[in-house]
Amino acid sequence: MTVLPVNGGLVLAAGLFAIGLLGVLVRRNLLYTLMCVEIMMNAAGLAFVVAGAKWGQPDGQVFFIFILTVAAAEVAVGLALVNQIYRRFHTLDNDSTSSMRG
Amino acid sequence: MLNLLWTIPVFPFLGFLILLFFGERLPRKILALVGAGSVGVSAAVTSLVAYAFITNPPEGHAFHQVLWTWISVGDFHPQIAFYLDALALVMAGVVTGVGFLIHVYSIEYMGTDKDFARFFACMNLFVFAMLVLVLADNLLLLYIGWEGVGLCSYLLIGFWYREPANCTAAQKAFIVTRVGDTVMAIGFFLLVVQLGTLDVQGLMERAQSEWGPASGMATLAALLLLGGAVGKSGQLPLQTWLPDAMAGPTPVSALIHAATMVTAGVYLIARTHVLFELSSTAMMAVAVVGCLTLLLAGFSALVQTDIKRVLAYSTISQIGYMFLALGVGAWSAAMFHFMTHAFFKALLFLAAGGVIHALHDEQNMFKMGGLWKQLPVVFWTFLIGSAALAGIPLIDAGFYSKDAILWAAYSSEHGSFLLWLGAWIGAIMTSIYTFRMVFISFFGEAKNHVHHKPGLTILIPLIILAALSLVAGFIELPHNMGHIQMFSHFMGTAFESAGEHAQTMAEPGGEAMFQILAGVGSLAGVLIAWWFFLKNPASADSLASTPTGSRLHHFWKSGWGFDAFYDKVFVQPFRWISEVNKADIVDGFYSAIAGATQLTHSVLSLTQTGRVRWYAAWVTVGSVMILGALLFK
Amino acid sequence: MTLVLLVFIPLAGGLIAGWMGGKDSTACRWISLGALGLDALLALGLAFHYLGGSGNPGDSRWFIEWSQPWIPQFGISFHFAMDGLSLVMVLLTLFLGLIGVGASWTEIQERVGFFHFNFLWILSGVLGVFLAMDLFLFFFFWEVMLVPMYLLIRIWGHENRRYAAVKFFLFTQASGLLMLISIVALALLHPGNGQGVTFDYNVFLQNPLHGPAAKWIMLGFFVAFATKLPAFPFHPWLADAHTEAPTAGSIILAGILLKTGAYGMLRFILPLFPTAVHEFSTTAMILGVIGILYAAILAFAQDDMKRLVAYTSVSHMGFVLLGIFAGTDFALKGVVIQMICHGLSAGAQFMLVGALYERIHTRDMRKMGGLWDAIPGFGVATMFFAMASLGLPGLGNFVAEFMILVGSFQVAPKLTILATLGLIAATLYSLRLIRRAFHGPRQDEKAYPDLTLRERALNGAFALGLIWLGVYPQPAINAVTPTLKSIQSSAATPMAEHNAISGESQ
Amino acid sequence: MTSTDFLSLLPFIVLSVLILALMGEISYRRDHALVAWTTLGGFLATLVSVLVASQASPHTQEPLLVVDGFGLFFIALLVLASLPVAALAKDYLEKRPGYREEFYMLLCTATLGGMILVSAIHFATVFIGLELLTLSLFGMIAYTRTSGRSIEAGIKYLVLAAISSSFLIFGLALIYFELGGMGFAEVLEAVKGGDHRETVLLAGLALTLVGAGFKLALVPFHMWTPDIYEGAPAPVTAYIATASKGAMTAVLLRLYLMGGKEMPTGLWIALALIAVASMFAGNLLALLQENIKRILAYSSISHLGYLLVAFLAGGTYAVEAVVYYLVAYMATSLGAFGVVSVLANKSGEIEELDDYRGLGWRHPFQGGVLTAMLLSLAGIPLTAGFVGKFYLVAAGVDGSTWWLLFFLVLNSAIGLYYYLRVVATLYDVNQKEESTFSPLALSGGVVLAILTLVVIGFGVLPGPFIAWIRDHLT
């Protein structure tokens, strides 16, 4: 009986992950892309928390903090790049940043 | 003296080398001296050797001279070695003797040609190769000569290479004979594999001891060798090249395509007669080939308009006689006819050459006529040659040699009435077409102007050959007409194992009747020719203009349609295949692979859109696939 | 050590020549000539010593052997050894190498140094192939020669050189990689000499591999060698490569590179996989016969003179394949002679075509005709080598083909008869070449210079070689007899056992 | 912290000190040359510290890190790969506007991340090392921000790397969920135990693989490769191709050595498919490519495919083969991208194949080096690539993975086509005059010369190195 909610947490995390992924795939605005990536990472973080809870360990939460840090760093760099891209291409449509192909 | 044997072929070869390397630079006189002289020296050495051989015969009537071992593999050791016996000696004598005369003749005949040196170079090379052929002690060395003469024949037929037709004729000659040669080569493989040697003498002994009579293997081997022989000698079914070979200069036709090379097949069979005797099938095949060929060629000769083509067909026909003789086991008769044929056919060609030369390269008989007054020497020598060819009784060599064959065709144990009948009809045909030629070219009204008369260097060889054509027959006379057997006795030393079948079967009364028949036949032929072509030419024309007549005329003129047949069956399909596959289908296969690869490249390149969402989608797809693989494998 | 020198002299010569090339092209030509000459002297010295009788090697398999560990972890060593077969091939290589330098004396005017660098490196690679008795080392040299050859075609070739160069490389390399798998598989699957993995030829030789693995391994080798040979259906690279390569490239391609394939079959396939070869021989012989006829027909159809000659190579190599897999004494000896003779005759033909191209700037026979008039020297030379190519008795090719055919007649008469048709086909294409280029009426009335003294000398060298092999091939046969005997015995012994076993079971 | 701890962690410490030093230096005064030389010196010091650490190894920092011969070898390898990148970057950045000094810091942090990766025995460490590496790479790729393509590459890499990281950590979470730990040993134990194949565990493993596959640019996670290789500054491309991939390969190799050899069949099949697909995709995509950096990018995809073959073969030679091949590949790639890097001029990099026409005649040294590198990639003798290929084949034969070998051979042949195309272009006679290559700077020249020597040396005399691998790594 106690297992189910834990699995439920996992399912929730997976759902969030899928939403984030779907967002990356369908949204064209780079900002949204970054946000969706953020969602994916946090989904993974949630999964860690759930897993930590399952085992009654703090490791899951510790890991979540790692993830947060990384996600923050990524967004930081990402936003900087978005800034550059906007200056250069005057758009945030990530389909248009495809000068390299083939 | 016999030790000089090896030098016989060497002189012409040296002549060839000198002409090849310095031909461009030396004056014509020197070239002529080298070209004809080398053969002359060779002829002189041959007569020395012949003298030694006859006066002081070596042990076993054969002389063997080893120069070096050619190849040595396992138990197989063919050598570069010469073997002289009566057979080889007669051949060598004719090759060098007649060859020398023709060379001398050529000095004037080819005197104005710009490729004088090349001509003599090839001729010398030919004499060398022919001598190697006849003197070889093993079949492999013989094959060097065999193909060597083929090469020279090719070079000389195509001597005037600027004319495409000549080139085609040359190619045809080479290729057709090569077909025969290849068959022969397969025969060699069989012999080597089965008997382990190609030394003629060893081979004959082993064939006798290991195969015995009526052996299938012997038949096979003999037939394969026959394949080579028919190719070289222009016999059925490979006779088609010879008439075209007349594209070469006339001395070439005389030397190569009448006197010597084309009789190589006869020589080969005579040389390996022991093998042939082991198989009556093979003997029969030889006789039938000979008989059919002599008839076919005789009919074709009858309707030719080109004087050289008449002579070419007659050559085919006369070699048919030799094959017939071989096929019935009349070895020395075959060689006898070979010798007389060499004299009179060379004579005929050279005389015809004299005419052609005098008329500025006119070869069509119907544009000649009345020449007997203008070119008396040529006419008389030509007439002697014709008489010999037609076998006019008693006076000439041709009669005696042909008579021996006719008699053998009937009386030998391999012979039969049918063979005789064929040969007899052939003889009548011979005399008809021969005298048709004589009458049309030399009699009647002159249709062409003689530009210049032949000089002495042309006439002397003619006269010598004419003399030989007359007297050479008297060294071998039938037993009821003097019974001289110089030639067959001499030959017998080479054929002693075989023996002469003709004599053993002879019934005294019969032979005379056959001789009379033969004589009557040839005389009748002369008469017929006289009637149709001199006395009453219109009747011949009207005969030829009936539908059947013209069809036959055409059919015979084109050599019984063999060329067309071969063209359809071999030449065109080959050309078609080669043309279709010019670009190599296999390569197409690889190109297709390359093409497919490049296509894949282009398709895959499209996946690299440069769009990050598309890439992310592929990451997703990939993860789903890996999940699937791991979870639901 | 002599063997190492043999391989490394051209290597060093190439480096020097390449370095000199930028400064003085003539010096660079002389350097390569000198390096090859030196090498040839060395090889001739060996030949006189070991074949002349004075230095009878006794019962040892090799005349000289030299071995140094290279990658001991895999039992790989610099193992060079020479026996009669190697020696003959080395001599051929150096002979053709010298001719090649001579033939490109005036043809190559651009980047002379780099040309000679590549040229000598190819030769070095080929020499390595003929002398290496470690399979890894063998493969190493096998591949080493490819890149310079590629560059040779790619840089100094004719119009379609890019395509031809890549095709050459891809065919040989792809098949070579299959061989690499085979070599490694052989090394790893072979019990070895009890001291771990080894690539040493001697070890494999003493204990040939049997069973299904042997078959697959053998096939790997076969594909590589058959591609190089080339045998049907691996031949398409050859026509392009030969046609587009510069003259020297064509000469050594036809003269030597193809021979490495045949050499590989003799040296490796026959003795190392006797049972597999036994099972496979009919297939291989059929491929050989198809190659003979198919390529001859192709040759006949060509308009490009060089391409025609190229296809004749395929046809002639068909005989080699037939002979190798016939495996009889006759056939194997014939194969060696054929390798030499084809090297000479095809080399000469390519040289002539190259020299002709220098003059008339075309290889298209439709634009030739009647050239005998203008350049009779060419005519004579072409005629001679065409005759050699069609197997005129008295020249080496005849001896070779005769021996091969007799040898294969012993084991496969029907196939041999088909193969013999190749002699007729050879006549067809050879005469066609003469006919179209040299006979017939002239197409233009321009005057061209005939063969120069240098060209006459080179042609003469080829011609003498062919005549020598045609009338006295015995020295060459004797030189390779011990090698071939040992190849045959190692191929035959286990086969006899095999047969004995299967005989008992019946 | 015991002295053993200290000694064994010395490489990490030295590099960290270097990062700090650089930071201080830059904040004090911007001096490109000084920073570059400091970096080079620091890397050399790190190399020395590896030697020191090897005295203390093996030493395990439970449960996250181990400093052992294997790890130290790869640390040294990473540093050795970073050294030429730094040297190349010095020349390269000189020709670029803007601040140059921070690049070296990013390079150092990336290398530190790589070092952590190769020492990891716990997936948490993998995550940390990986992210450190990846985050630094974002900066490095987009470093030349005046170039639109550089930024484009940066954002692409960022998004895709972040996604793949998400997959990775989600996978890790699942593993953790199932096992209650993420130590390599635990995970391998669980995977090996056939009865314990829980769905969640396998799913976790699969998602983890996505992360690894992305880093190694294996099909179907390869799509970023050409764009990022093209857009990133050439030294960075070299770094991505070598250090980044090398570090990830090391992780896999460690897993393999610790017991991953006996992988579940499903995984084996999946990896085999990935390997074959990578070989084909890489080679086919490169086939007619006109941009040399993209060619090399595609070729790297196929090379990782080849490498996987050795993993999958799993015979006695697998580890040696992977190590040898990796080293050969790294040296070669560094050389190839190095040439591109030194040729770059003030207006940017020269990438179009057409511009390389006749390079071999005009700049024999650069042309020669590039030729050697391409031949090594193609696996031609006298180069390290040849021995590497031989090793792969040996591993494949030993493991009897005949089909994979067949595909390997087939692909090598396809690969030849485009490598040769480039080589041929280099020696094309009709050269293009307008392309102006940068003259060779000393540091670049030295780097290229050394790399060429390494490539050829490993090709001619591979024995000592093989012996060393056998003694220390297997």
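Chain letters run A, B, ... following the sequence lines, proteins first and then strands; every chain starts at 1. Hydrogens, waters and symmetry mates are skipped; everything else that's a heavy atom, side chains included, is used.
- Below 30°, between 30° and 60°, or above 60°: for C:His439 and B:Tyr161 the angle between ring planes is below 30°, a parallel geometry.
- If you measure heavy-atom distances from B:Leu190 to chain C, the contacts under 4.5 Å come from both the backbone and the side chain.
- Annotation: the span from C:Ile434 atom CD1 to B:Leu155 atom CG amounts to 9.0 Å, rounded to 0.5 Å.
- Remark: B:Arg162 fails to qualify as a cation-pi partner of C:Trp372 under the 6.0 Å distance and 45° angle criteria applied to the six-membered ring.
- The aromatic rings of C:Phe300 and B:Phe574 stand perpendicular to each other, their planes meeting at an angle above 60°, with 30° marking the opposite boundary.
- Scanning both residues, C:Leu298 and B:Asn581, for their nearest heavy atoms gives CD2-O, 3.0 Å.
- The backbone N or O of C:Gly470 sits less than 3.5 Å from a side-chain atom of B:Trp70, completing a donor-acceptor pair.
- For B:Leu151, the part lying under 4.5 angstrom from a heavy atom of chain C is the side chain only.
- Ranking C:Ala425, C:Gly334, C:Pro413, C:Gly391 against chain B, the residue ahead of the rest is C:Gly391, based on heavy-atom pairs under 4.5 Å.
- Residue B:Tyr143 touches chain C through both its backbone and its side chain, counting heavy-atom pairs closer than 4.5 Å.
- Here the closest heavy-atom approach between residue B:Ile585 and residue C:Tyr294 is recorded as N-OH, 3.4 Å.
- If you check the side chains of B:Asp587 and C:His235, you find no donor sitting under 3.5 Å from an acceptor.
- In this structure, B:Cys167 and C:Gly440 approach most closely via the heavy-atom pair SG-N, 3.7 Å.
- Considering all non-hydrogen atoms of both residues, C:Ile477 and B:Ser72 come closest at CG2-O, 4.1 Å.
- Chain B forms the most heavy-atom pairs under 4.5 Å with one residue out of C:Gly369, C:Pro473, C:Gly377, C:Ala296, and that residue is C:Pro473.
- When all heavy atoms of B:Ile144 and C:Pro393 are compared, the closest pair comes out as CA-CB, 3.4 Å.
- C:Val406 places none of its side-chain heavy atoms less than 4.5 Å from the side chain of B:Phe188.
- With hydrogens and angles disregarded, a donor-acceptor distance shorter than 3.5 Å links the side chain of C:Gln302 to the backbone of B:Lys582.
- Counting heavy-atom pairs under 4.5 Å between each of C:Thr481, C:Thr328, C:Thr416, C:Asp303 and chain B puts C:Asp303 at the top.
- If you measure heavy-atom distances from B:Val192 to chain C, the contacts under 4.5 Å come from the side chain alone.
- Heavy atoms of B:Ser591 lying under 4.5 Å from chain C belong exclusively to its side chain.
- Under 4.0 Å is where a charged nitrogen must lie from a carboxylate oxygen, and between B:Lys114 and C:Asp373 at least one such pair does.
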